[in-house]
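This report refers to the structure that appears directly beneath it.
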Amino acid sequence: MNAAEQVKNFEIASKVATVVNLFKTEFPDARADLKPWSNDRDTRDLVDPDSIDLGFHFPGWSRSLQARSILIQIRFYTDPVNTSHRLVGLELAGFTHSGKQWQLSTIDQWEFIGTACPNDDRKQQIKHFCQQVFEVFNGTAAD
């Protein structure tokens with residue numbers, strides 16, 4: 001779900017702002033997009049209500065990132081008994097005008113897959129960012 005729609009209290013607003021700042025620390029040229037999804041019926045049917053989705057757009061195509069835009073989905077598990085939320089992983093995807101070039105999931109092996117992946121330095125920056133997001137939401141780095 002769009003980050004702008006998930007911000008329902010100060011705590012979540014503060015954490016989303018922290019995530020944006022962490023990404024911009026790693027990639028200063030990026031412009032944050034708190035509403036990466038269109039607001040049409042088809043898109044709303046696909047949206048995960050237990051996620052916070054952000055987009056980051058660069059002024060042009062980044063050779064080192066192999067992307068012009070990166071979509072980030074921060075995925076949560078909601079415990080039905082006590083309704084607590086816990087971050088379970090991040091899904092990231094890099095896009096150009098040709099479509100999705102690569103993706104990374106922290107839920108499994110933390111490996112980049114795709115037709116054109118970032119260079120090794122950028123991969124490490126992205127993984128570092130992901131670990132910081134775990135710290136923001138769960139208080140600890142991911143395993």
Side-chain angles (χ1 to χ4, degrees), residues 1-79 83-143:
M1 181 176 273
N2 284 330
E5 297 167 17
Q6 287 288 54
V7 175
K8 297 176 182 162
N9 59 49
F10 179 76
E11 179 185 6
I12 297 297
S14 176
K15 289 180 178 183
V16 168
T18 299
V19 169
V20 169
N21 287 331
L22 289 170
F23 193 88
K24 289 184 69 62
T25 297
E26 297 289 338
F27 307 100
D29 292 342
R31 180 182 51 85
D33 180 357
L34 300 180
K35 293 183 177 184
W37 297 114
S38 298
N39 194 19
D40 60 76
R41 180 193 290 172
D42 293 334
T43 303
R44 283 192 306 271
D45 288 344
L46 298 172
V47 169
D48 178 358
D50 290 324
S51 72
I52 295 176
D53 301 342
L54 303 159
F56 290 92
H57 309 289
F58 297 91
W61 175 72
S62 169
R63 178 183 302 271
S64 62
L65 284 168
Q66 292 292 314
R68 184 171 177 5
S69 297
I70 296 177
L71 179 64
I72 301 170
Q73 185 176 59
I74 305 169
R75 302 186 69 193
F76 296 90
Y77 168 75
T78 303
D79 185 327
T83 66
S84 65
H85 300 288
R86 180 150 181 87
L87 185 141
V88 293
L90 286 85
E91 306 281 341
L92 293 85
F95 294 87
T96 67
H97 69 282
S98 301
K100 183 163 57 170
Q101 301 301 303
W102 56 265
Q103 65 186 42
L104 168 69
S105 174
T106 67
I107 294 174
D108 195 16
Q109 298 297 317
W110 287 64
E111 291 187 23
F112 287 82
I113 59 171
T115 58
C117 294
N119 70 30
D120 289 341
D121 289 340
R122 294 301 195 174
K123 285 179 181 178
Q124 290 309 312
Q125 280 182 286
I126 292 169
K127 288 179 179 181
H128 180 251
F129 161 77
C130 291
Q131 288 195 332
Q132 290 177 309
V133 173
F134 273 94
E135 291 173 15
V136 168
F137 284 97
N138 290 348
T140 59
D143 296 339

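Counting from 1, the numbers follow the sequence of the chain as shown. These numbers were taken from a predicted model, which means no experiment stands behind them.
Side-chain atoms of Thr96 come within 3.5 Å of backbone atoms of Ser98 as a donor-acceptor pair (strictly under, hydrogens ignored). Side-chain N or O atoms of Lys100 include none that pairs as donor or acceptor with a backbone N or O of Ala93 at under 3.5 Å. When atom types are taken as modelled, the side chain of Gln101 and the backbone of Gly99 share a donor-acceptor pair closer than 3.5 angstrom. Remark: the backbone N or O of Leu92 is not paired with any side-chain donor or acceptor of Trp102 at under 3.5 angstrom.
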**Prompt:** Should Asp29 and Ser62 be marked as a side chain to side chain contact (heavy atoms under 4.5 Å, CB included) after you check the CA-CA gap, both sets of side-chain angles, and the distance that decides it?
**Reply:** CA-CA 10 Å; Asp29 292 342; Ser62 169; over 6 Å; no

**Request:** Might you work through the side chain to side chain contact (heavy atoms under 4.5 Å, CB included) test for Ile52 and Ile12, ending with a clear yes or no?
**Result:** CA-CA 10 Å; Ile52 295 176; Ile12 297 297; 4.3 Å; yes

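Proximity of Trp61 to Gln66: side-chain heavy atoms (C-beta onward) are separated by under 4.5 Å at one or more points. Contact check for Glu91 versus Arg75: side-chain heavy atoms found under the 4.5 Å cut-off. A 4.5 Å side-chain heavy-atom check between Ile74 and Val16 finds every atom pair outside the cut-off. The shortest side-chain heavy-atom distance between Thr106 and Val133 does not fall under the 4.5 Å cut-off. You'll find the side chain of Arg122 reaches within 4.5 Å of the side chain of Phe27, heavy atoms only. Residues Ile126 and Phe112 have side chains in contact (heavy-atom distance under 4.5 Å, counting atoms from C-beta outward).
For Lys123 against Cys117, the heavy-atom pair with the smallest separation is CE-CB, 4.0 Å. Minimum heavy-atom separation, Gly89 to Ile107: CA-CG1, 3.7 Å. When every heavy atom of Ser69 is checked against every heavy atom of Phe58, the shortest pair comes out as N-CD1, 4.4 Å. Considering every non-hydrogen atom in both Phe95 and Leu71, the closest pair reads CE1-CB, 4.0 Å. When every heavy atom of Gly94 is checked against every heavy atom of Ala67, the shortest pair comes out as CA-CB, 3.9 Å.
Going from atom CD of Gln125 over to atom CG of Leu65 covers 7.5 Å, rounded to the nearest 0.5 Å. Interatomic distance, Ile72 CD1 to Ser51 OG, rounded to the nearest 0.5 Å: 12.0 Å. Annotation: the span from Lys127 atom NZ to Glu26 atom CD amounts to 13.5 Å, rounded to 0.5 Å. One distance of note links CG of Asp120 with OG of Ser64; it measures 11.5 Å at 0.5 Å rounding. Note: Leu34 CG to Leu54 CG = 6.0 Å, rounded to the nearest 0.5 Å.
Note: Phe129 and Phe56 have perpendicular aromatic rings, judged against thresholds of 30 and 60 degrees for the angle between ring planes.
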